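I have placed the structure first, in the form of structure tokens, so that the comments after it can refer back to it.
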Amino acid sequence: MENKSLNQIIAARKEKIQKILDLGINPYPYNFKVKHSTDFIIKKNSGKKTSIAGRIMSLRRMGKASFLNLQDMNGKVQLFISRDDVNSKTYELFKLLDIGDFIGVAGTVFITKTNMPTLKIEKLELLSKSIRPIPDVKEKDGEKFNLVSDKEFRYRKRFVDLIINPEVKNDFIKRATIINSIRNFLNKNKYIEVETPVLQPVYGGANAKPFVTYHNALDQQFYLRIATELYLKQLIVGGFERVYEMSKDFRNEGVDRSHNPEFTMLEFYQAYVDYHYMMDFVEKMFKEIAKDLKMKTVEVDNIKIDFSKKFHRKTMDELMKEHLNEDVDLSSQSGLFNLCKKYNLKVKKSDSIAKLIDEIMRRKIEPHLIEPTYVINHPVEISPLAKVHRDADKSFTERFELFIGGMEFANGFSELNDPIDQRNRFEDQSSKRNSGDEEAFPIDENFLEAIETGMPPTAGVGVGIDRIAMLFIGTRWIRDSIIFPTLKTLK
RNA sequence: GCCUCAGUAGCUCAAUGGUAGAGCAGUGGCCUCUUAAGCCAUUGGUUCAAGGUUCGAGUCCUUGCUGGGGUACCA
């Protein structure tokens, strides 16, 4: 991968390290006293003295004086060094600096003839010598040139991406703000944060293919969790009344624009409430995030989403009426089948009501749910952990999914706590598995034992954190919300 | 998975099937208000990999690798 050109650059930098050592200077010292950041200079504190530290981003040498740009966490600023202002050793050191080096400087702020706030260097310290070149991105009037166009390079070498595209940092600062906001919201609502096993002997809580691993000392196979649900509900059984976990789940499935094999999931459960309560609660949580980010609206595909508005709540037949103008009887298999045919959906005559409904929702409705909308009351067949609806048809559940911008953000329900029903549902999953459904989950006796011991009425929700980050960052790519996305190792 | 496009110097990009080139970065000079600094000189290439067609392949064909963009499943 590395050839002569790069090795030549590295060799030249290593020679400079030797020359710096010959000057009696340590190219990798231990600290530097930073007084201000670059923004102090940008704010035109003319005549004031300060010291700043950062990475050299460009050098414009003119023999006896030079300008350079220094970048730190807050931005970029111009420095000026003249042989008249520093001692000869410092100027010798300066001549050995490269783009990419970290330096610390002390001096006086002044304004150049072209009205550019600049720090005149009086003292200069090398803080870390860079021996590997970074792409030299030029910039004029805010327009960038020679930007790295290779997205793969940016994801693989995120450290370089962050150096040459410092605005990328803002997206991840935003993500951190979102996560803080969610934790604060849950904590102040008396939720307890817990950590459940990543290595699980039996996986479950979602329909997905797991990663398999092996523990040598225990001589046992483990699965990386696909969800935290089954453990968190055991804690509700145990007497925690409000618990949450925000952590990585792992699903051994395709990688695309909106899926990464490891992703961050929030799940929370509260005893003695139902899914109506949770819909209100999740809505409040989203509004709180928007408030903490000081973003009243976000934009998805040029459509503005206003978080001050109330989220919609719609049953599936209501949505089919609204979006397709069809009067649908959700209990009529033949009616649903004919509807699927009408819209050219790939279905079989033998498909269940649940599957037909799911197909219509997924193809014809969900992608068009731009404004925050709760889709409610899903078929029991596709909701193996949700309680049946209290007054509607018993083949439907008290479940909701939140859609924003055509993407699913949350999935919650009144949790099934009838142990007989729950065992039947697991057996149904198990038989689906045996007949080839790779994503159906196996029977978890430990979990069933807990439910048999008795779980209070409870509602729970799962929320995709990476997707919330995508929503507020304003990207359609999950890799822009995950700082080190999963990539194949180069051979 | 499938479809499709791409991979040339550290970075950005050229090169009708006919000697692999430029800008930036690097190196050596000149230069005390530059800012995509400038000027002179210069180093740097197994053109993603392996085969094939051809007198001749960066270019055409096959396979593979990696990635981008679609699409399917999952959040």
Side-chain angles (χ1 to χ4, degrees), chain A residues 1-13 15-16 57-69 76-85 91 98-100 110-116 118 120 131-157 160 164 205-210 226-227 249-267 346 358 362-363 366 401-403 407-411 437-439 462-468 470 476-479 487-491:
Chain A
M1 252 182 69
E2 294 179 4
N3 60 27
K4 217 166 164 185
S5 169
L6 178 58
N7 289 335
Q8 180 178 289
I9 293 170
I10 290 173
R13 300 257 181 124
E15 274 173 39
K16 286 181 183 173
M57 294 303 287
S58 67
L59 275 162
R60 293 179 292 283
R61 299 186 203 261
M62 295 171 296
K64 298 185 185 69
S66 301
F67 288 93
L68 45 160
N69 289 348
K76 215 184 280 181
V77 79
Q78 177 167 272
L79 309 180
F80 175 74
I81 185 166
S82 159
R83 210 165 60 173
D84 301 340
D85 302 323
Y91 208 77
D98 286 292
I99 290 170
F110 75 106
I111 310 293
T112 65
K113 285 174 188 169
T114 50
N115 202 29
M116 175 70 82
T118 303
K120 188 173 77 179
I131 61 168
R132 186 176 287 271
I134 52 174
D136 184 49
V137 177
K138 301 287 186 180
E139 196 176 342
K140 187 184 187 181
D141 303 328
E143 192 186 351
K144 288 188 175 182
F145 300 83
N146 292 352
L147 258 181
V148 174
S149 59
D150 184 353
K151 276 196 182 183
E152 178 191 358
F153 176 90
R154 295 180 56 188
Y155 296 132
R156 281 191 197 280
K157 306 287 178 197
V160 176
I164 62 181
N207 293 115
K209 280 181 254 175
I226 58 171
D249 285 349
F250 306 85
R251 298 189 185 174
N252 207 341
E253 288 160 355
V255 180
D256 66 18
R257 218 175 56 191
S258 59
H259 296 87
N260 198 61
E262 57 177 293
F263 61 101
T264 304
M265 178 81 133
L266 165 70
E267 290 192 37
K346 274 181 261 164
D358 197 38
R362 170 185 305 263
R363 308 279 167 218
E366 290 169 1
E401 288 183 296
L402 172 62
F403 286 85
M407 211 165 46
E408 187 189 335
F409 281 81
N411 177 22
D437 183 350
E438 285 185 284
E439 290 180 350
V463 180
I465 298 300
D466 311 286
R467 292 198 167 173
I468 297 186
M470 286 164 73
R476 294 162 63 227
W477 286 271
I478 197 166
R479 288 205 244 200
L487 292 169
K488 195 155 182 167
T489 305
L490 296 176
K491 282 178 185 156

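Predicted model only: the values in this text are computed from it and were never measured. Quick note: numbers below take in every heavy atom, side chains included, and nothing from hydrogens, waters or symmetry partners. Labels below follow one simple rule: chain letters A, B, ... track the order of the sequence lines, proteins then strands, and each chain is numbered from 1.
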task: Check the distance between B/G23's P and A/F145's CZ and give it to me in whole angstrom.
output: 17 Å
query: Once you round it to whole Å, what is the distance between C1' of B/U32 and OH of A/Y91?
result: 8 Å
field: N/O (side chain, A/K138) to phosphate O (OP1/OP2, B/A37) under 4.0 Å
entry: yes
message: Applying a 4.0 Å non-hydrogen cut-off, can you work out what A/Q78 is touching in the nucleic acid: base, sugar-phosphate, or nothing?
response: base
- prompt: What does B/A49 pair with, Watson-Crick or G-U, if both distances are under 3.5 Å?
  reply: B/U63
message: Whether A/K346 contacts B/A72 is assessed here as follows: a side-chain N or O lying under 4.0 Å from the phosphate OP1 or OP2. Is that the case?
response: no
Distance test, side-chain N/O of A/K488 to OP1/OP2 of B/U66, below 4.0 Å: yes
query: Would you say B/C31 has OP1 or OP2 under 4.0 Å from some side-chain N or O of A/R60?
result: no
query: Which whole-number value in Å describes the distance from A/L79 CG to B/U32 P?
result: 19 Å
Short side-chain N/O contact from A/S82 to OP1 or OP2 of B/U32, under 4.0 Å: no
task: Report yes if a side-chain nitrogen or oxygen of A/W477 is closer than 4.0 Å to either non-bridging phosphate oxygen (OP1 or OP2) of B/G68; otherwise report no.
output: no
field: Selection from B/G67, B/A25, B/U32 that lies nearest to any side-chain heavy atom of A/R479
entry: B/G67
query: Of all the nucleotides listed (B/G44, B/C33, B/A36), which has the minimum atom distance to the side chain of A/S5?
result: B/G44
- prompt: Distance between the P atoms of B/G28 and B/U43, in whole angstroms?
  reply: 14 Å
- request: Round to the nearest Å and state the distance from A/I10 atom CD1 to B/G26 atom P.
  value: 14 Å
query: When all nucleic acid strands are considered with a 4.0 Å heavy-atom cut-off, which category describes A/N146: base, sugar-phosphate, or nothing?
result: base
task: For A/L68 and B/U32, give me the distance from atom CG to atom P, rounded to whole Å.
output: 17 Å
message: Would you say the base of B/A75 stacks on A/F409 (centre-to-centre below 5.5 Å, plane angle below 30°)?
response: no
- prompt: Parallel, tilted or perpendicular: which fits the ring planes of A/F80 and A/F67, with parallel below 30° and perpendicular above 60°?
  reply: tilted
- prompt: So does A/R476 get a side-chain nitrogen or oxygen closer than 4.0 Å to the phosphate oxygens (OP1/OP2) of B/G70?
  reply: yes
message: Can you measure A/D256 atom CG to B/C3 atom C1' for me and round it to whole angstrom units?
response: 15 Å
query: If only side-chain N and O atoms of A/K16 are considered, is one of them under 4.0 Å from the OP1 or OP2 phosphate oxygen of B/G26?
result: no
- prompt: Between B/U59 and B/G17, how far is it from one P atom to the other, in whole Å?
  reply: 11 Å
- prompt: At under 4.0 Å between heavy atoms, what does A/G63 touch on the DNA or RNA strands: base, sugar-phosphate, or nothing?
  reply: base
- request: With P as the reference atom in both, quote the distance from B/A50 to B/A41 in angstrom, rounded to an integer.
  value: 37 Å
message: Tell me the interatomic distance from A/E366, atom CD, to B/A72, atom P, rounded to whole angstroms.
response: 13 Å
statement: From the candidates B/A75, B/U66, B/U27, the one with an atom nearest any side-chain atom of A/E408 is B/A75
task: Please determine if a side-chain N or O atom of A/R132 lies less than 4.0 Å away from the OP1 or OP2 oxygen of B/G10.
output: no
message: What's A/F110 touching, base or sugar-phosphate or nothing? Going by heavy atoms closer than 4.0 Å.
response: base
Phosphate-side-chain proximity, A/K113 and B/C33, N/O vs OP1/OP2 below 4.0 Å: no
